Every structure is written in structure tokens, then in C-alpha cells.
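Right, one structure below, let's go through it.
As the structure is a prediction and not an experimental result, all values here were calculated from the model.
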Amino acid sequence: EKIAEQDREKLERERILLELQQIRQEEEQRRKDELELELEFKKKLNLRDANMLATQFRNDRLQKERDDEERWKQKMMEKFAEDDKIEQMNAQKRRMKREEHRRAVLELLELRKQNRAAEKEEEHNMRMNLDKEQEKHRQILEEERKRI
């Protein structure tokens, strides 16, 4: 009877130890999950901040490009006017020359826009490739995490 009582006590202790071990594992897992959530939240905040900065940078760059384009356009018109000495022409010739200059400036402007568009397309493709590589890397890391 004493041995049976000792066996019961031993089994009870083992059960309590197992239960305690299970509780500790659950707490450890909960801490890991909370840390992971916190890191994910911080990552999202950082991405949002980065996106806001990128948007501001893009808006500033576009405004600067518009300003530069307008200055360049004016400069080209002045150059063409100087080249042809428009002031010395009669009114009809002056209008025709100015129109000719305007068309030339617009053609040059269109060429510049096409070049910029090609550069932006190339930059976009490079960014897309980088994003694909980062996503692939993230998937590999996620698979490794799951495997572990």
C-alpha cells in the first residue's frame, strides 16, 4: 500500500512537471509570437514611412522637372529669337518665325520627354526585378522558418 501511494505520488509529480513544462513552452511560444507581431508592426511602420518619403521625393522631383522644363523652354525661345533677330522682321514674318520656334521647342521638348520616359521605364523595370528578388528571398526565408 505504501509503494502504491509512492507510485501515485510519483505519477502525480510527473504529471505536474509535464504540465509545467507544457505551460512554459506555451508561454515561450506566446512571447515569440508577440515579438514577431511587434517586429512585423515596426516593419510596416518603416515601410509606410519609406513610402511617404518616396512620394514626397517623387513630387519634389516632378515639380523640379516641370520648373526646369519651363526655364529650358523659355531659354530656347529666347535663343531662337536672338538667332533670327525677330525684332528686325516685319510683323507677319515675326509671327511665322515665332510659330516656327514654338514648334521647334515643342519637338525638342517631346524628344526630351520620350528620353525621360525611356529612362523611367528602365528604372521601373529595375525596381520590379529588385522587388521580385526581394519577394523570392522573403519566401525562401519564410520556408526556412516553417521548416525549422
Problem set entry | salt bridge (charged side-chain N to carboxylate O under 4.0 Å, His left out) pairs, two or more places apart, involving residues 44-61 |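 Qualifying pairs: R61-E65.
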Exercise. Would a 4.5 Å heavy-atom cut-off, applied to side chains only, mark E123 and R127 as touching?
Worked result: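 A side-chain contact under 4.5 Å exists here.
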Exercise. Side chains of I16 and E12: does their closest heavy-atom pair fall under 4.5 Å?
Worked result: yes
Exercise. What residues join M96 in its hydrophobic cluster, counting side-chain heavy atom gaps under 4.5 Å, either direct or through other members?
Worked result: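 Direct or chained contacts put M96 with none.
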Exercise. Does any donor atom in the side chain of D33 or Q29 lie under 3.5 Å from an acceptor atom in the other side chain?
Worked result: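 On atom types as modelled, these side chains qualify, holding a pair under 3.5 Å.
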Exercise. So, Q74 and R71: side-chain donor and acceptor under 3.5 Å apart, yes or no?
Worked result: no
For this session: Quick one: do K75 and E78 satisfy salt bridge (Lys or Arg N to Asp or Glu O under 4.0 Å)? Show the steps, please.
Result: CA-CA 5 Å; K75 183 178 176 184; E78 289 169 4; over 6 Å; no
For this session: Any side-chain hydrogen bond (donor to acceptor under 3.5 Å, both in side chains) involving residues 110-122? Give me the pairs, sequence neighbours left out, ordered by first then second residue.
Result: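 Qualifying pairs, neighbours excluded: E69-R116.
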Exercise. Take atom CD1 in I3; do more than 12 heavy atoms of anything else shown fall under 6.0 Å from it?
Worked result: no
Exercise. So with a 6.0 Å cut-off around CZ of R24, is the heavy-atom count from everything else above 12?
Worked result: no
For this session: Determine the sole option in R31, Q25, R30 for which the side chain to side chain donor-acceptor pair (under 3.5 Å) test with E28 is passed.
Result: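 Of the listed residues R31, Q25, R30, the side chain to side chain donor-acceptor pair (under 3.5 Å) partner of E28 is R31.
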For this session: Flag the pair E99 and R103 as a salt bridge only when some basic side-chain nitrogen lies within less than 4.0 angstrom of an acidic carboxylate oxygen.
Result: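 Looking at E99 and R103, the cut-off is met.
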